[in-house]
Engineer: 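Got a structure for you, written out below as structure tokens; questions coming shortly.
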Amino acid sequence: MTTTAHSETDKTSIQVIERLTSLLDALARYPDPVSLKQLSADTGLHPSTAHRILNDLVLKRFVERAEPGAYRLGMRLLELGNVVKSRLNVREAAVDFMRALHRKTFQTVNLSVRQGDEIVYIDRAFSERSGMQVVRAIGGRAPLHLTSTGKLFLSVDDPKSVRSYATRTGLSGHNKNSITELTTLERELSLVRARGFARDNEELELGVRCMAAGIRDDSGRLIAGLSISAPADRLQEEWLEDLMLTVNQISAVLGYSAQEA
């Protein structure tokens with residue numbers, strides 16, 4: 001494809017996105033369902049163009065057809081908004097506690113969330129004194145079964161979901177320590193459930209060990225994991241108590257009560 005063709009394709013894609021967002025913005029201005037005629041007038045889109053885009057948005061649940069010829073914002077936006085809200089909230093709630101934990105251990109402290117079959121690192125507290133190069137940048141991803149936080153999320157899945165994960169991913173490993181067998185993973189997850197925390201014993205990166213515990217929201221749902229990463233020969237067991245205290249403090253800020261769980 002020529003450069004000109006690429007440019008035209010990019011221009012068309014941007015134009016579609018602009019039209020889509022203009023329709024969503026227009027719908028957001030009205031408390032009641034809005035007619036196609038009104039949306040067309042508000043956005044300057046030809047009725048046939050607006051109708052075509054709205055139909056696609058209805059199929060994806062971003063928009064609902066309230067009645068023939070009238071539209072309103074859909075539940076998919078609420079679902080995505082709640083995901084964003086929970087991630088922003090947990091990051092804001094965690095930041096001071098993460099820094100305090102880092103000052104106590106002098107090791108890298110990671111905040112991660114689940115996204116599909118991977119964890120995503122959304123924040124980190126670290127310094128040069130940790131003695132370890134940071135191997136996963138904020139925004140970086142890693143397989144669930146190779147990470148301590150990922151094991152936390154797998155441990156709250158039912159057995160069928162864990163088997164499905166194993167089938168989808170093939171449980172591929174990064175090194176000789178990686179868990180690549182379903183039976184081994186299932187035993188590991190049983191330990192995680194019994195202990196209330198998870199470990200990564202050089203399974204993702206040789207020379208790096210981690211311990212992780214879960215952060216829960218006001219409904220008791222596991223929404224994030226906090227982990228301490230350290231050179232394999234420096235990870236200290238007494239940090240586990242500090243880690244557990246920290247996740248409990250963050251969860252409390254988010255409205256979680258262990259007594260009610």
Side-chain angles (χ1 to χ4, degrees), residues 1 5-92 111-123 138-145 149-150 153-154 156-158 160-170 215-225 254:
M1 187 180 290
H6 272 300
S7 178
E8 289 299 318
T9 300
D10 292 344
K11 184 178 179 180
T12 300
S13 298
I14 292 170
Q15 188 179 59
V16 169
I17 293 170
E18 288 175 343
R19 290 173 173 177
L20 183 153
T21 53
S22 70
L23 284 166
L24 292 176
D25 287 341
L27 284 167
R29 289 195 289 271
Y30 294 91
D32 299 316
V34 192
S35 69
L36 176 62
K37 181 179 179 181
Q38 185 65 54
L39 289 170
S40 176
D42 286 358
T43 61
L45 295 173
H46 190 277
S48 63
T49 301
H51 186 259
R52 184 176 68 253
I53 296 173
L54 286 166
N55 279 345
D56 289 341
L57 289 170
V58 168
L59 287 174
K60 297 298 184 181
R61 297 172 51 238
F62 289 103
V63 169
E64 293 177 355
R65 191 177 284 108
E67 54 193 61
Y71 303 85
R72 63 187 175 198
L73 295 178
M75 292 300 293
R76 184 62 179 147
L77 290 170
L78 178 62
E79 293 168 0
L80 292 175
N82 284 336
V83 170
V84 173
K85 179 183 176 183
S86 69
R87 290 178 182 170
L88 288 175
N89 283 350
V90 73
R91 194 172 181 179
E92 292 167 1
L111 180 67
S112 312
V113 296
R114 179 176 186 169
Q115 194 168 85
D117 291 339
E118 299 174 308
I119 62 162
V120 181
Y121 296 89
I122 63 171
D123 209 348
I138 294 174
R141 298 168 177 267
L144 296 175
H145 67 288
T149 292
F153 281 103
L154 284 174
V156 299
D157 280 353
D158 59 63
K160 182 178 179 181
S161 296
V162 173
R163 289 193 295 271
S164 295
Y165 167 83
T167 300
R168 286 193 307 273
T169 63
I215 296 169
R216 297 182 179 272
D217 64 11
D218 57 350
S219 69
R221 184 171 60 95
L222 178 68
I223 59 169
L254 294 171

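The analysis underlying the following values was restricted to heavy atoms, covering all of them including side chains, and did not include hydrogens, waters or symmetry mates. A quick note: this is a predicted structure, and the numbers were derived from the prediction, not measured.
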Engineer: Tell me, with the steps shown, if Arg29 and Asp42 meet side chain to side chain contact (heavy atoms under 4.5 Å, CB included).
Structural biologist: CA-CA 10 Å; Arg29 289 195 289 271; Asp42 286 358; 3.9 Å; yes
Engineer: Going through the checks in order, is the side chain to side chain contact (heavy atoms under 4.5 Å, CB included) test met by Arg141 and Ile119?
Structural biologist: CA-CA 6 Å; Arg141 298 168 177 267; Ile119 62 162; over 6 Å; no
Engineer: Check side-chain hydrogen bond (donor to acceptor under 3.5 Å, both in side chains) between Arg216 and all other residues, then give those that pass, not counting sequence neighbours.
Structural biologist: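 Not a single residue meets the side-chain hydrogen bond (donor to acceptor under 3.5 Å, both in side chains) criterion with Arg216.
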Engineer: I need the Ser22 OG to Ile53 CD1 distance, nearest 0.5 Å.
Structural biologist: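 Here the interatomic distance stands at 7.0 Å.
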Engineer: Quick one: list whatever passes ring pair (Phe, Tyr, Trp, His ring centres under 6.0 Å) with Phe62, sequence neighbours left out.
Structural biologist: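 With sequence neighbours excluded, Phe62 shows a ring pair (Phe, Tyr, Trp, His ring centres under 6.0 Å) to no residue whatsoever.
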Engineer: Listed by chain and number, what are the side-chain contact (heavy atoms from CB on, under 4.5 Å) partners of Asp32, not counting sequence neighbours?
Structural biologist: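 Expected list: none.
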Engineer: Please report the shortest heavy-atom distance between Val113 and Ala224, naming the atom on each side.
Structural biologist: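 The answer is CG1-CB, 4.0 Å.
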Engineer: Would you sort out whether Tyr30 and Gln38 count as a side chain to side chain contact (heavy atoms under 4.5 Å, CB included), showing the intermediate values?
Structural biologist: CA-CA 11 Å; Tyr30 294 91; Gln38 185 65 54; 3.3 Å; yes
Engineer: Enumerate, atom names and distances included, each donor-acceptor pair closer than 3.5 Å involving a side-chain atom of residues 70-79, sequence neighbours excluded.
Structural biologist:
from, atom 1, to, atom 2, distance (Å)
Arg72, NE, Glu64, OE1, 3.1
Arg76, NH1, Glu79, OE1, 3.2
Glu79, OE1, Arg61, NH2, 3.4
Glu79, OE2, Arg61, NH2, 2.6

Engineer: With a 4.5 Å limit on heavy-atom distance, are the side chains of Leu57 and Leu24 in contact?
Structural biologist: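 SC-SC contact between Leu57 and Leu24 confirmed.
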Engineer: So do Leu45 and Leu23 actually touch side chain to side chain, heavy atoms under 4.5 Å?
Structural biologist: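 Of all side-chain heavy-atom pairs linking Leu45 with Leu23, at least one is under 4.5 Å.
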Engineer: Do Ser112 and Ile122 make a side-chain contact, defined as non-hydrogen atoms from C-beta onward lying under 4.5 Å apart?
Structural biologist: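 No; the side chains remain at least 4.5 Å from each other.
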Engineer: Mark yes or no for whether Ser40, through its side chain, and Lys37, through its backbone, hold a donor-acceptor pair below 3.5 Å.
Structural biologist: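 No, the answer is negative, given that no donor and acceptor are paired below the 3.5 Å cut-off.
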Engineer: The criterion is side-chain hydrogen bond (donor to acceptor under 3.5 Å, both in side chains); which residues satisfy it with Asp123, sequence neighbours excluded?
Structural biologist: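 By the side-chain hydrogen bond (donor to acceptor under 3.5 Å, both in side chains) rule, Asp123 matches no residue at all.
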Engineer: With rounding to the nearest 0.5 Å, note down the distance linking OG1 in Thr21 to CD1 in Ile17.
Structural biologist: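 It is 8.0 Å, given to the nearest 0.5 Å.
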Engineer: Atom CD in Glu92, atom CG in Leu254: separation rounded to 0.5 Å?
Structural biologist: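 Output value for this atom pair is 10.0 Å.
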Engineer: In a table with atom names and distances, give each donor-acceptor pair under 3.5 Å that connects a side chain of residues 160-170 to protein atoms at least two apart or in another chain.
Structural biologist:
from, atom 1, to, atom 2, distance (Å)
Ser161, OG, Asp158, OD1, 3.1
Ser161, OG, Asp158, OD2, 3.3
Ser164, OG, Lys160, O, 3.1
Tyr165, OH, Leu144, N, 3.3
Tyr165, OH, His145, N, 3.2
Tyr165, OH, His145, ND1, 2.6
Thr167, OG1, Arg163, O, 3.0
Arg168, NE, Asp117, OD2, 2.9
Arg168, NH2, Asp117, OD1, 2.7
Thr169, OG1, Tyr165, O, 2.9
Thr169, OG1, Leu171, N, 3.1

Engineer: Can you tell if the side chain of Asn55 reaches within under 4.5 Å of the side chain of Arg65, non-hydrogen atoms only?
Structural biologist: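 Heavy-atom side-chain distance check passes, below 4.5 Å.
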Engineer: Heavy atoms, side chains only, cut-off 4.5 Å: are Ile223 and Asn89 in contact?
Structural biologist: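 Answer no - side chains too far apart.
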